[in-house]
Amino acid sequence: GLDPEAARELRLVDAAKSGDLTSFNVLVTLHERAVYGLCFRMLREQMAAEDATQDAFLKAWSSIGSFRGEFFRGWLLRIATNRCYDIIRAKGRRPADSLDALPFEAEPTWTSQAGDAEHPEQHAARAELSRHLERALGALPDDQRLVIILSDIEERSYEEIAEIIGAAVGTVKSRLSRARAKLRDSLRAQPEQRELLERFGRHYDE
């Protein structure tokens with residue numbers, strides 16, 4: 001038995017498969033933020049991420065007939081991932097590090113959510129850690145950055161990540177532990193970041 005949300009999503013997918021664009025557009029609104037978030041963190045450039053998101057949904061619409069299974073968001077993220085890799089390959093260089101110029105989420109998804117009772121100072125410290133994490137994330141190799149995005153930001157399971165990136169679960173786990181170790185090392189290099197890490201890091205405190 002699927003939960004009502006998942007059941008509704010499968011009904012929308014079935015309708016979209018039979019050519020109903022309105023249903024597909026509902027799916028777009030449900031998943032747009034996740035797809036854009038992945039593209040932005042992979043490409044690190046707003047325009048490129050917007051283009052990649054649009055390309056991914058166009059590709060999804062044109063190939064929705066081939067979707068099988070119950071994990072629609074994973075299928076979309078796989079399409080988006082492949083599109084990002086195409087763009088990175090086409091550029092033939094590291095993406096522009098334009099993150100400093102962009103607004104960050106007011107409520108970073110990175111760190112344990114502390115609820116409404118959080119002190120403004122704590123909130124500011126978590127936002128600061130989020131910025132450091134985003135920068136450290138940008139320095140990771142593409143394949144390691146991708147598993148961190150999917151696991152620690154998107155909170156996908158190992159099995160889902162394996163499906164999205166087309167690799168074995170064991171590969172996902174080892175790549176993730178390497179990526180987390182690298183992030184920890186780069187954050188520990190700065191004393192003020194080390195302090196933030198100790199206070200707010202969730203996945204990065206070994």
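All values derive from a computational prediction rather than experimental measurement. Values reported hereafter were calculated over all heavy atoms of this structure, with side chains retained and with hydrogens, waters and symmetry mates removed. Position 1 is the first residue of the sequence; numbering continues from there.
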**Q** Quick one: does any side-chain atom of S151 pair with a main-chain N or O of I148 as donor and acceptor, under 3.5 Å?
**A**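 Side chain of S151 to backbone of I148, a donor-acceptor pair under 3.5 Å: no, none is there.
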**Q** Under the side chain to side chain donor-acceptor pair (under 3.5 Å) test, which residues partner D185, sequence neighbours left out?
**A**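 Scan of D185 (side chain to side chain donor-acceptor pair (under 3.5 Å), adjacent residues dropped) gives none.
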**Q** Would the distance check show the side chain of R145 and the main-chain N or O of L140 forming a donor-acceptor pair, the cut-off being under 3.5 Å?
**A**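 Yes, R145 side chain to L140 backbone: donor-acceptor pair under 3.5 Å.
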**Q** As an exercise, state the distance from CG of L137 to OG of S186, rounded to the nearest 0.5 Å.
**A**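 L137 CG to S186 OG: 9.5 Å, rounded to 0.5 Å.
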**Q** To check you understand the geometry: which heavy-atom pair defines the closest contact between F40 and Q46, and what is its length?
**A**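 For F40 and Q46, the tightest heavy-atom pair comes out as CE1-N, 4.0 Å.
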**Q** Minimum heavy-atom separation for I87 and A48, please, with both atom names.
**A**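 Of all heavy-atom pairs spanning I87 and A48, the closest is CD1-O, 4.5 Å.
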**Q** Identify the heavy atoms of R41 and I149 that sit nearest to each other, and give their distance.
**A**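 Looking at all heavy atoms of both residues, the shortest contact is CB-CD1, 3.4 Å.
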**Q** Please round to the nearest 0.5 Å and tell me the distance separating atom OG1 of T81 and atom CD1 of I164.
**A**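 Reported to 0.5 Å precision, the distance equals 6.5 Å.
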**Q** Could you grab the distance from atom CG of N25 to atom CG of L27, nearest 0.5 Å is fine?
**A**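 Rounded to the nearest 0.5 Å, the CG-CG separation comes out at 9.0 Å.
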**Q** May I ask you to decide if A49's main-chain N or O and T53's side chain share a donor-acceptor pair within less than 3.5 Å?
**A**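 Yes; judged by distance alone, with no hydrogens or angles, the pair exists.
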**Q** To the nearest 0.5 Å, how far apart are CZ in R135 and CG in L183?
**A**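 Reported to 0.5 Å precision, the distance equals 13.5 Å.
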**Q** Applying side chain to side chain contact (heavy atoms under 4.5 Å, CB included), can you list everything that pairs with A80, at least two apart in sequence or on another chain?
**A**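 With neighbours one apart ignored, the set is V35, L38, C39, A56.
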**Q** Could you pull out the closest heavy-atom pair between L77 and A34, with the gap in Å?
**A**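 For L77 versus A34, the nearest heavy atoms are CD2-O, 4.0 Å.
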**Q** To the closest 0.5 Å, what do you measure between CG (L30) and CZ (R73)?
**A**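 The CZ atom of R73 is 8.0 Å from CG of L30, to the nearest 0.5 Å.
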**Q** By salt bridge (charged side-chain N to carboxylate O under 4.0 Å, His left out), which residues pair with R175, not counting sequence neighbours?
**A**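 Result, salt bridge (charged side-chain N to carboxylate O under 4.0 Å, His left out) vs R175: D143.
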**Q** Within the structure provided, determine whether S63 and W75 are in side-chain contact (heavy-atom separation under 4.5 Å).
**A**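 S63 reaches W75 side chain to side chain.
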**Q** Say you draw a straight line from CG of L176 to CG of D152; how long is it, rounded to the nearest 0.5 Å?
**A**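 Output value for this atom pair is 5.5 Å.
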**Q** Decide, yes or no, whether a salt bridge links R44 with E134 under the criterion of side-chain N to carboxylate O below 4.0 Å.
**A**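 Salt bridge flag = no for E134 with R44.
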**Q** Keeping R156 on the side-chain end and I153 on the backbone end, is there a donor-acceptor pair under 3.5 Å?
**A**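 It does not hold such a pair.
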**Q** If two hydrophobic side chains count as joined below 4.5 Å and joins carry through other members, does F57 share a cluster with L21?
**A**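 Same hydrophobic cluster.
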**Q** Tell me the closest heavy-atom pair linking A16 and F24, and the distance in Å.
**A**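 Shortest heavy-atom contact: CB-CB, 4.0 Å.
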**Q** Which of parallel (below 30°), tilted (30 to 60°) and perpendicular (above 60°) describes F67 and F72?
**A**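 Correct class here is perpendicular.
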**Q** Do the side chains of L43 and Y85 join up, straight or via other hydrophobic residues, at under 4.5 Å, putting them in one cluster?
**A**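 Yes, one cluster joins them.
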**Q** Does anything in residues 51-66 form a salt bridge (Lys or Arg N to Asp or Glu O under 4.0 Å)? List the pairs, not counting sequence neighbours.
**A**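 Applying salt bridge (Lys or Arg N to Asp or Glu O under 4.0 Å) to every pair that reaches into residues 51-66, excluding sequence neighbours, yields D55-R83.
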**Q** Please list every donor-acceptor pair under 3.5 Å in which a side-chain atom of residues 4-12 meets a protein atom from a residue at least two apart or in another chain.
**A**
{"residue": "E9", "atom": "OE1", "partner": "H31", "partner atom": "NE2", "Å": "2.7"}

**Q** Apply the test side chain to side chain contact (heavy atoms under 4.5 Å, CB included) to residues R78 and F71: give CA-CA distance (whole Å), side-chain angles for both, the deciding distance (0.1 Å), then the verdict.
**A** CA-CA 11 Å; R78 184 170 194 167; F71 181 38; over 6 Å; no
**Q** Are any side-chain N or O atoms of S157 and backbone N or O atoms of E160, one a donor and one an acceptor, separated by less than 3.5 Å?
**A**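 Yes, the answer is positive, given that a donor and an acceptor are paired below the 3.5 Å cut-off.
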**Q** Once side chain to side chain contact (heavy atoms under 4.5 Å, CB included) is applied, do any residues pair with A162, and if so which ones, sequence neighbours excluded?
**A**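 With neighbours one apart ignored, the set is V169, V172.
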